[in-house]
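Just so you know, these numbers use all the heavy atoms, side chains as well, and skip hydrogens, waters and symmetry mates. Position 1 is the first residue of the sequence; numbering continues from there.
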Amino acid sequence: LMQLIALATLTLHDLWSLPATTSGVFGTAYMSGAVLGCCFFGYCADRFGRKRLSLAIPVVYLGGSAIASVSPGVFTFLVGVFMIGFGIGGEYAALNSAVNEFIPARVRGVVDLAVNGTFWCGSALCSVVALFALNSSMVPTNLGWRVMFSLAALASIVVVIVRLKLPESPRWLLMHGRRAEAERTMCSIEMAVVKTVKAPLPDPEYTVTVKCGVEVSPMYLIRKLTGEFRHRSILTLALMVSQAVFYNGINFTFAAVMSSFYRVSQEQLGYYTLPFAVGNFLGASLLGRLFDTVGRKLMISATYSASALLLCGTGLLFLFGKLTAMTHTICLAGVFFVASAAAGSAMLTVAEVFPLEVRSMSISMFWTVGQAVGGIPSPVLMGYLVGAGARWGLLLAYAICSALMLIGAAAECLYGVDCSGQSLESIAAEVRVTERPGSGCPPGIPSFSHEKKYSKASGDLV
């Protein structure tokens, strides 16, 4: 959807006689909605459950896509873009919480990055559709972009249908005192695994004690983040802000760069956005495994640093006129091959290093702050620098993005937590090994314990 907005902007420039900086305005509208949506749905996901929100959120960006597809003018289109952002922002909090709570520790890194990397599958698909829908010789100019937003609305319906079969997070159920439901959910999951592998599952190595009925409020969250988890808060803030500026600033202005400096027409734009999207997806998918094997701390600092250096190199080549539209795209595809893994690791970090009861709220808070500080203003700033039409402006934009990524790498070196292969409870809490209680599951299915012991600083045990 974000790629669709960026592509549609070029058509609307001519169709509605909009100024060159409009790409930044539409980008800011999207990010403003995403910030508010992440904050709102993050709170709701911790309070009402992951599954309910995973079904409600697609309805929001379905509505936004529908409004955008029938927009008669700029204001209505901005409303649709804002709603799309509001829904997508909610996905960041609710989806990442659910993914991390379901995935085994040994593959959590690669799965999390791959799931977040599927964003670029949609981007690649959007680029392919744009080759036809935005080609004025095949589809009328005033109709092509509307068709694309209509297709996005239909895709949202498919998302809702697929998610109907997803269970609620057992960790969330336990946190809210719904032990029997959590036990049933885990038994059904484990029985499905047993049928697949055709062997009984091993007994759990340890159990943990869960403190149920915790009243989670904004003040509780702030006390946690500024108290025992303050260093992790600094880390995640640095990672989120830097990747927000890097990604949103470049992604929202990529189409404008192709159009302004290389005179790429809207009909040809899909040929250039496609390799850009493919590079992003392959990076998140292929490098993700290293986050579980080499380790989080080394890989995060390495990908952040490499992204910065590669982007600086691309900016210098552009300044001295050594790039064409295609070679510029190839360079950025290489940059984001690495940067996609870096950006995914920022969300992975915030989803791992904070306790269960505030996981979604922590994701929403840091993602919101990151986007508010970096994501919202960066499309406008980058759009202004690109709109000026001077090569030094784009180099300056790339230099700003690179500097912030290096700050993120430094923060990881100082405060990074190597979470690879560890359970979520052992990362954000002290785990006490206890004897496994009797199982209420069928033979061959180890029971799911409801016990968890929090760190010494958190106190109470139940």
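For Lys51, the side-chain contact (heavy atoms from CB on, under 4.5 Å) partners at least two apart in sequence or on another chain are Ser54, Leu55, Glu168. Residues satisfying the ring-ring contact (aromatic ring centres under 6.0 Å, His included) test with Tyr415, not counting sequence neighbours, are His231. With sequence neighbours excluded, the residues satisfying side-chain contact (heavy atoms from CB on, under 4.5 Å) with Leu310 are Val335, Val338.
Not one N or O on the side chain of Asp292 forms a donor-acceptor pair closer than 3.5 Å with the backbone of Ser420. Side chain of Ser301 to main chain of Cys413: no donor-acceptor pair is present (N/O by atom type, distance under 3.5 Å, no hydrogens or angles). Remark: side-chain polar atoms of Thr76 are not paired, donor with acceptor, to backbone N or O of Ser71 under 3.5 angstrom. The backbone N or O of Ser150 lies less than 3.5 Å from no partner atom in the side chain of Ser65, so there is not a single donor-acceptor pair. Although no hydrogens or angles enter the test, the distance criterion places a donor-acceptor pair under 3.5 Å between the side chain of Tyr247 and the main chain of Ser340. Remark: side-chain polar atoms of Asp418 are not paired, donor with acceptor, to backbone N or O of Gly295 under 3.5 angstrom.
Side-chain contact between Ser259 and Val264 is absent, with no heavy-atom pair separated by less than 4.5 Å. Looking at Thr324 and Thr327, their side chains come closer than 4.5 Å, going by heavy atoms from C-beta outward. Looking at Arg391 and Phe320, their side chains never come closer than 4.5 Å, going by heavy atoms from C-beta outward. By the 4.5 Å heavy-atom criterion applied to side chains, Thr368 and Leu36 are not counted as neighbours. Using a 4.5 Å heavy-atom cutoff, the side chains of Phe102 and Leu166 are not in contact. Looking at heavy atoms from C-beta onward, Leu319 lies out of side-chain contact with Tyr398 at the 4.5 angstrom threshold. Using a 4.5 Å cut-off on side-chain heavy atoms (C-beta onward), Thr349 and Ile300 make contact. In this structure, the side chains of Leu323 and Thr314 come closer than 4.5 Å at one or more pairs of heavy atoms.
A donor-acceptor pair shorter than 3.5 Å cannot be found between the side chains of Tyr304 and Gln243.
When each of Arg232, Arg230, Lys224 is tested with Glu228 by the rule side-chain hydrogen bond (donor to acceptor under 3.5 Å, both in side chains), just one qualifies, namely Lys224.
Across all their heavy atoms, Arg163 and Pro58 have their closest contact at NH1-CG, 3.6 Å. Looking at every heavy atom in both residues, Met365 comes nearest to Leu225 through SD-CD1, 3.4 Å. Annotation for Thr303 and Ala341: closest pair CG2-CB, 4.4 Å, computed over non-hydrogen atoms. The two residues Cys419 and Val353 have their closest heavy-atom pair at SG-CG1, 3.9 Å. Ala333 approaches Pro275 most closely through the heavy-atom pair CB-O, 3.6 Å. For the pair Ala409 and Ser305, the tightest heavy-atom approach, listed with the atom from each and the gap, is CB-OG, 3.2 Å.
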message = What verdict does the side-chain contact (heavy atoms from CB on, under 4.5 Å) test give for Phe366 and Phe354, after you've listed the backbone C-alpha separation in whole Å, the side-chain angles of each residue and the deciding distance to 0.1 Å?
response = CA-CA 11 Å; Phe366 284 108; Phe354 297 109; 3.6 Å; yes
inquiry  = Using the rule given for side-chain contact (heavy atoms from CB on, under 4.5 Å), can you reason through Val107 versus Arg289, listing the C-alpha separation, both sets of side-chain angles and the distance that settles it, and then say yes or no?
reply    = CA-CA 8 Å; Val107 293; Arg289 183 59 183 164; 3.7 Å; yes
request  = Decide yes or no on side-chain contact (heavy atoms from CB on, under 4.5 Å) for Trp367 and Val350, but give the supporting numbers first.
outcome  = CA-CA 9 Å; Trp367 194 87; Val350 70; over 6 Å; no
query = Do Arg296 and Leu348 pass the side-chain contact (heavy atoms from CB on, under 4.5 Å) test, and can you show the C-alpha distance, the side-chain angles, and the key distance before you say yes or no?
reply = CA-CA 10 Å; Arg296 305 280 200 270; Leu348 174 63; 3.5 Å; yes
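Taking CD1 of Ile363 as the reference point, atom CE of Met240 lies at 8.5 Å (rounded to 0.5 Å). To the nearest 0.5 Å, atoms CE (Met326) and CE (Met258) are separated by 9.0 Å. Atom CZ of Phe246 is separated from atom CG of Leu404 by 10.5 Å, given to the nearest 0.5 angstrom. Atom OG of Ser345 sits about 4.5 Å away from atom CZ of Phe291, to the nearest 0.5 Å. Atom CZ in Phe229 sits 11.5 Å away from atom OG1 in Thr236 (nearest 0.5 Å). The OG atom of Ser285 sits 8.5 Å away from atom CG of Leu113, with the distance rounded to the nearest 0.5 Å.
Between Phe86 and Phe41, the distance from one ring center to the other falls under 6.0 angstrom. Ring-centre distance between Phe318 and Phe261: below the 6.0 Å cut-off. In this structure, Phe77 has its ring center closer than 6.0 angstrom to the ring center of Phe149. In this structure, Tyr272 has its ring center at least 6.0 angstrom away from the ring center of Tyr262.
Between Arg108 and Glu352, at least one side-chain N (NZ, or NE/NH1/NH2) sits under 4.0 Å from a carboxylate O, which counts as a salt bridge.
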